[in-house]
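See structure below.
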Amino acid sequence: MKQKWLDSAVFYEVYPTSFYDSNGDGVGDIPGIIEKLDYIAELGCNAIWLNPCYCSPFQDGGYDVSDYYRVDPRFGTNEDIKRLFDTARGKGIRIMMDLVMGHTSYLHPWFQQSCKEERNEFTDAYIWSDNMDVEHCEGRFMCGLSERPHMFKVNYYATQPALNYGYYRPNKSWQMAMDSPAALASRQRLIDVCEFWLKMGAVGFRVDMAHAMVKNDPHHRGTIRFWREVFQAVKTHYPDSVFLAEWNNPRQTVAQAGFDLDFYVPFGLFKKWAQDRDDEHIYADTYISEKSSLFRIFLIAFKQAVRSVNRTQGYQILQLDNHDIIRLSRGRSDDMIRVLWATYFTLPGVPLIYYGDEIGMRYQPLKGKDGGYQRTGSRTPMQWDNTKNNGFSTTDGELYLPVEGVDSPYTVAEQAADERSIYHTVKKLVRLKRTLGCLRATADFKVLHTGRHCDGNPFIYRRSCGTDELIAVILPRKQKMQISMKKYLKGAQYDCLLQNASFDGQTLRCSGTSYAVFWRNQTGTDAAARGDQ
């Protein structure tokens, strides 16, 4: 069943270690998130993706779980997260947790039991070879941590043993089928974890590595069946629960596997998956940039994805930024960031704001911490103001990670004080996204112009729903341009948001990296969202 609230949802991703420290120990926590819920609500977001807060040794930033049923003490208690769910709900905000059950930490009690030579309930809960011969195994197998003379498969780091959900096509003696008793027991444990947190008040889960649960499944047929059976069980008791896949194939995940949402990562969105922390030009050839040879490739694939997903019971999130990639501000001017946001919020799909991106927070090239490596610089503390520790913490000691400092222009306080800031741009665009019918995730999308050389300079498109209509004009390139709007605007009265542009009722004059968003004020949206940028 389609979750209609997602049609006008705006998600906000919170990395709990870095959002707000309520107790002065230098590390963010759940009570700190509760204190800042009003900020998220005021921004206009009605859903939160909460990165992992389960017990963990944090050898992969919390994506190595050692207890699925307990909040890690660095963040607080289960009572704290229950209060977060309840308080957020009272403010119209739903909380989506991170479900990390393709693997556990090697310190999880399940794995510790699985390592024992004597058979027990968890002997086959993980994927083990039947000997110590590395040539006998496929990739990513480890040994040396167990009593049993076998090797265990890992999903990513050496400390993340893969849970056993079976193989779609077993072809070795130690590989179990996805319907084997051990694989079904692992599936039930996943269902139990989901129902525990849904009962407590979570709305659903972003599912880590959702595509990789069933092994030896190149076309994901087994994994699709796996998730359909999981959702059949979970949604019997929690029909309104929402699941977001980390998969990047909405036509599979949403249309076939039954996910409510999937990320759509466009080809060319970032070079090398934005992993090079020293590359100032990491986004030089992205889907929307001053000069992008990939724009046409992006647009063809994106339009196909939009058509496909709009016919399903679900939605997609165009991937812009998250905790795993270099922040979108790297290599971009403030004008370019505002143009990017104008594009992002007016294209089809469900938008997601990674904490701090709404104020243009900078990426800091730092040494790795908690297994973050080059991602560490994207996980620095939220910068609330220009006081000590940028308002993140009152500690006189060491912060989890450094902040920019008291002179940074990229703080909530500095940005909120400037009506032309990135923050106010985002806030106005979120308001439009939440209130205009033509900006609902699945409203009609028609490309009107792709630039003289099909490079997206300018990129003009229409969003429409009934009598609601919005025309977006995006000009990433730093150039002067005059655009006659007569053939795009239908003679009605339009409100507008402008950056580096002016409009006299006939001609749009752009003077640099620019955008112009025109909308018919048919839905009661007042002029509060209006204004030159």
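Worth saying up front: this structure is predicted, and the values here are computed from it rather than measured.
Checked by atom type and distance alone, the side chain of T411 never pairs as donor or acceptor with a backbone atom of Q383 at under 3.5 Å. Q160 contributes no side-chain N or O that, together with a main-chain N or O of A162, makes up a donor-acceptor pair within less than 3.5 Å. For the pair S378 (side chain) and I325 (backbone), a donor-acceptor distance under 3.5 Å is present. When atom types are taken as modelled, the side chain of N390 and the backbone of V403 share no donor-acceptor pair closer than 3.5 angstrom. A donor-acceptor pair is defined here as one N or O able to donate and one able to accept, closer than 3.5 Å; no such pair exists between the side chain of D124 and the backbone of A182. Not one N or O on the side chain of T380 forms a donor-acceptor pair closer than 3.5 Å with the backbone of L401. Within the 3.5 Å criterion, the main-chain N or O of D64 finds no donor-acceptor partner in the side chain of D60. Formation of a donor-acceptor pair under 3.5 Å by the T376 side chain with backbone atoms of K369 is found in this model. Within the 3.5 Å criterion, the main-chain N or O of G204 finds no donor-acceptor partner in the side chain of Y238. With Y157 contributing its side chain and G371 its backbone, the two residues share a donor-acceptor pair below 3.5 Å.
Summarising the geometry of P52 relative to V100, their closest heavy-atom pair is CG-CG2, 4.0 Å, with the distance given to 0.1 Å. Among all heavy-atom pairs drawn from A158 and M142, the shortest one is CB-CE, 3.7 Å. Residues E117 and P149 come closest through the heavy atom pair OE2-CD, 4.2 Å. Minimum heavy-atom separation, G62 to S56: CA-OG, 3.6 Å. Among all heavy-atom pairs drawn from V71 and F75, the shortest one is CG1-CB, 3.9 Å. Contact detail for C194 and V234: the closest heavy-atom pair is CB-CG2, 4.2 Å.
Test T253, V207, L261 against F243 for side chain to side chain contact (heavy atoms under 4.5 Å, CB included) and you get one pass: V207. Exactly one of D324, D370, T17 qualifies for a side chain to side chain donor-acceptor pair (under 3.5 Å) with R379. That residue is D324.
Remark: aromatic rings of W49 and H323 are close, center separation under 6.0 Å. Two rings, from Y106 and F152, have their centers 6.0 Å or more apart. Not less than 6.0 angstrom separates the ring centroid of F205 from the ring centroid of W197. Residues H219 and Y168 place their aromatic rings such that the two centres sit no closer than 6.0 Å. The aromatic ring centroids of Y354 and Y15 lie 6.0 Å or more from each other. Between W247 and H220, a ring centre-to-centre spacing shorter than 6.0 Å is recorded.
Put simply, CG on L320 and CD1 on I288 are 11.5 Å apart, with the number rounded to the nearest 0.5 Å. Between atom NZ of residue K433 and atom CG of residue N46 there is a gap of 10.5 Å, rounded to the nearest 0.5 Å. Distance check, rounded to the nearest 0.5 Å: CD of E118 to CD of Q113 gives 10.0 Å. We find the CG-CG distance between L347 and L299 to be 9.0 Å, quoted to the nearest 0.5 Å. Atoms NZ and NZ, on K82 and K199 in that order, are 11.0 Å from each other to the nearest 0.5 Å. Interatomic distance, F263 CZ to L352 CG, rounded to the nearest 0.5 Å: 6.0 Å.
Applying the side-chain hydrogen bond (donor to acceptor under 3.5 Å, both in side chains) rule to T395 yields no partners; only residues at least two apart in sequence or on another chain are considered. In this structure S114 satisfies the side-chain hydrogen bond (donor to acceptor under 3.5 Å, both in side chains) test together with W128, sequence neighbours excluded. Looking at residues two or more places apart in sequence or on another chain, you find no salt bridge (charged side-chain N to carboxylate O under 4.0 Å, His left out) involving D240. N78 pairs by the side-chain hydrogen bond (donor to acceptor under 3.5 Å, both in side chains) definition with nothing, not counting sequence neighbours. When the side-chain hydrogen bond (donor to acceptor under 3.5 Å, both in side chains) test is applied to Y20, no partner is found at least two apart in sequence or on another chain. With sequence neighbours left out, the salt bridge (charged side-chain N to carboxylate O under 4.0 Å, His left out) criterion links D25 to no other residue. Judged as a salt bridge (charged side-chain N to carboxylate O under 4.0 Å, His left out), and not counting sequence neighbours, the contacts of K235 are D260. Partners of F295 according to the ring-ring contact (aromatic ring centres under 6.0 Å, His included) rule, which considers only residues two or more places apart in sequence or in another chain, are F459. Judged as a salt bridge (charged side-chain N to carboxylate O under 4.0 Å, His left out), and not counting sequence neighbours, the contacts of E246 are R206.
For the residue pair Q175/N216, the side-chain donor-acceptor check at 3.5 Å is not satisfied. A donor atom on one side chain and an acceptor atom on the other are not found under 3.5 Å apart for S393 and Y400. Side-chain contact, D29 with S22: a donor N or O sits under 3.5 Å from an acceptor N or O. Side chains of D21 and T394: no donor on one and acceptor on the other come within 3.5 Å. A donor-acceptor contact under 3.5 angstrom links the side chains of D130 and S173, judged on distance only.
Within the structure, every pair that satisfies the salt bridge (Lys or Arg N to Asp or Glu O under 4.0 Å) test and touches residues 351-363, not counting sequence neighbours, is listed here: R327-D357, D334-R362. Residue pairs meeting the salt bridge (Lys or Arg N to Asp or Glu O under 4.0 Å) criterion with at least one member in residues 144-153, sequence neighbours excluded, are E138-K153. For the side chain to side chain donor-acceptor pair (under 3.5 Å) condition, the pairs that include at least one residue of residues 183-192, sequence neighbours left out, are R187-E229, Q188-D192.
Between R89 and D86 a salt bridge is recorded (basic side-chain N to carboxylate O distance below 4.0 Å). Salt bridge present: D179 and R225 bring a charged side-chain N and a carboxylate O closer than 4.0 Å. R251 and D262 are not joined by a salt bridge, as no carboxylate oxygen comes within less than 4.0 angstrom of a charged side-chain nitrogen.
In this pair, H108 and Y68 present their aromatic rings tilted. The plane angle is within the 30 to 60° band. Below 30°, between 30° and 60°, or above 60°: for Y355 and F19 the angle between ring planes is above 60°, a perpendicular geometry.
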task: Could you walk me through whether N51 and Y63 pass the side chain to side chain donor-acceptor pair (under 3.5 Å) test, one step at a time?
output: CA-CA 9 Å; N51 291 122; Y63 284 86; 3.0 Å; yes
- request: Determine, stepwise, if the pair L328 / W341 fulfils side chain to side chain contact (heavy atoms under 4.5 Å, CB included).
  value: CA-CA 10 Å; L328 63 83; W341 281 125; 4.1 Å; yes
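With Y315 as the aromatic partner, K2 meets the cation-pi criteria of under 6.0 angstrom to the ring centre and within 45 degrees of the ring axis.
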